[in-house]
Engineer: 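I have a structure here, written as structure tokens, and I will follow up with some questions on it.
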Amino acid sequence: MMKRKQVIILWLIINFLSANYTNAQERVNTSKFRRIEEWNTPNAYRTASGAPGFKYFQQRADYKISIVLDDKTQSIAGEEEITYHNLSPDVLTHLWIQLDQNISRENSTARLISKMRMKDTISVEEMSYYFPDFKGGFTISEVVDKSGSNEKYFVNGTMMRLDLKRPLKPGKKYTFKIKWSYSINDRLKYGGRSGYEYFPADDNYLYTIAQFFPRMAVYNDDRGWQTQQFLGQGEFTLPFGDFDVRITVPADFVVGATGELQNASQVLTKEQLKRFSEAKRTFDKPVFIVTPKEALENEKSRSTSTKTWHFRAKNVRDFAFAASRKFIWDAMAVKLGSTTPLAMSFYPKEGNPLWEEYSTRVVAHTLKVYSKYTFDYPYPVAISVHTDRIGMEYPMICFNGGRPRPDGTYSKATKYGMISVIIHEVGHNWFPMIVNSDERQWTWMDEGLNTYLQYLAEQEWEENYPSRRGAARNIVDYMKSDPSTLVPIMTQSESILQFGNNAYGKPATGLNILRETILGRELFDHAFRQYANRWKFKHPTPEDFFRTIEDAVGQDLAWFWRGWFYTTDACDQNLKSVKLYVPQIVHRKENAFEKIESFENLPDEVKNRLSQNEKDLMQTPYFLEISVENKGGLIMPVIVKFTFEDNTSHIVRLPAEVWLKNEKEFSKVFPLDKKPVHVILDPDLETADIDISNNQVDISRSNTFYIFTFKNQAQ
Ligand SMILES: [Zn+2]
């Protein structure tokens, strides 16, 4: 039992605390313009301006890989030597290696957490997607050091920890070897970013192979080892390095891969070699290296011997390849400011006539447009490979859908879908292959930025190109969708809802709004280029992006980052009231006012005391007061269009800072020379306003106000 006195003291304390608590709540700065608390603290690795700091470091991993692709069993076996460079200031006791193929293991986390709901009617194909019989995943047969003695390792899902015999000191490197194999997935049956497609008509396989070897995880200042498991939605995080890869395939296969082919003379015919060098000199149209006729012959052959294709790639974060008997191969050179890469395509006859007409030309176009807005494409080749349905990107090579009907006809949707996916996947060379953000954590950093540039490249491909994403009006349906299906863009990759809209469409639209509506093209293009150049061949974080843009444009954009990236607020501006005022001039005589017919009737000595600006204001025929309410919560500029009785119009653009002191509502007056009859907010649909029914008002009546001057008599 408490004594009475203690009870009173306790009661007083509770009251005091709760009173303080309430006050604290009220007094916290909740301004949407405040700086963003979630941002990491700038340090010697990453500066407050968004640039790499003076102690910035990144690790490096070089690979030597030999693989054999077995077309009979659709499996791969490989041996790799990894040299890991510890360029961090830290001593490492272990290394983390990614085993992404383990996502296809029988009891992988990804499979255990995948969910379906029962419906009245379900196709067995859908069922088998959720209950696959495919048993994939790496078989690791050997992990040894340079001298061949066994390494100690542990596999946890899609991650493998290698316990170093001796700690790896800063500035030192470590070389070890892994032998592995796995069964390739049927991509059309089980899904996946890579795998094979089987063509029953000619009994051939087309392989698009990626995440196919154990790859080093990223270790950096931002989060140490990136240990997020591969669950399927969040993509990849990889250090840069040099690759030397030998791919052994049946002798009648054609192979396209990340990097430059080192032994063309051993894998191509004399005639093909000649065409290859011709392609390197041809800038106006693609040149066949493997012709449709040769591809058709390859389709029918069943070589029992093998060939080894040798590729080297410098300073890339990954390696992928495609192989098939069915490949037609064409290429053309592209002249950029400082580089001359080769745009190439690999496709089976099933891709034609679309692919020979468009693929390589679209690759070339993408290289030009993206280079213009960022930096010249630094790699020697850029390859587009035809697949059914998917679009997936790797350094220098990507796998793209867009297949005509069997009779060779195709819809507009197929054609533009194909052009868009090629632009998009080739564009990924910039984000995230070169500007190497952490995809496992932040999908928007590559998908959003890339979709933004994709929009620009589409619009430059053709006037009125039917772009799906980019324009503000195209994101409105998403912005007003069921709140329980919305999460902020700044949500980790695996937890994103409405994936395409959230991580592609919304960030791309946000950048477009910054460019067109908030900053202007010249300023935004400068800032975007600044970000790309600061972080090319490095690992940026979201803060590095936000800070760099502000640093380059000279403006605090916290309100925009917060609203667009950190919340799900939508823009809904309500034109709450519009009042038209007509001035009545009055002359102040002692303590009384006298109406004056017109400005001219004011006594001369009064008029002479007025400045020109005061004279103009007194003669302005109309003053319009508008009140705008921010119903959606998102801070946005306010664009007001006045239409006058003579049918002319005028647009006033108010910056977002108009909301600084009151984020809910403001009123503002505009002096007008002509009589306004109509006012509308956001007339060109630039702000993704989710309810435009409250954006306009017709003006039918006016009010009178009295205007006078203090200069009515000699001062
Ligand atoms: Zn993408």
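Whatever order the structure lists ligands and atoms in, that order sets their numbers, starting from 1.
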Engineer: Can you list the residues that meet the side chain to side chain donor-acceptor pair (under 3.5 Å) rule with Lys506, with sequence neighbours excluded?
Structural biologist: none
Engineer: Which protein N, O or S atoms sit under 2.8 Å from the Zn ion (ligand 1)?
Structural biologist: His424 NE2, His428 NE2, Glu447 OE1, Glu447 OE2
Engineer: Answer yes or no on whether Lys335 is positioned over the face of Phe283, meaning its NZ or CZ is under 6.0 Å from the six-membered ring centre and within 45° of the axis.
Structural biologist: no
Engineer: Under 3.5 Å, is there a donor-acceptor pair linking the side chains of Lys536 and Asn533?
Structural biologist: yes
Engineer: Are any of the side-chain nitrogens in Asp330 or Lys285 under 4.0 Å away from the carboxylate oxygens of its partner?
Structural biologist: no
Engineer: In terms of side-chain geometry, is the basic nitrogen of Asp318 or Arg215 positioned less than 4.0 Å from the acidic oxygen of its partner?
Structural biologist: yes
Engineer: Could you tell me whether Glu439 and Arg317 have a side-chain N and a carboxylate O separated by less than 4.0 Å?
Structural biologist: yes
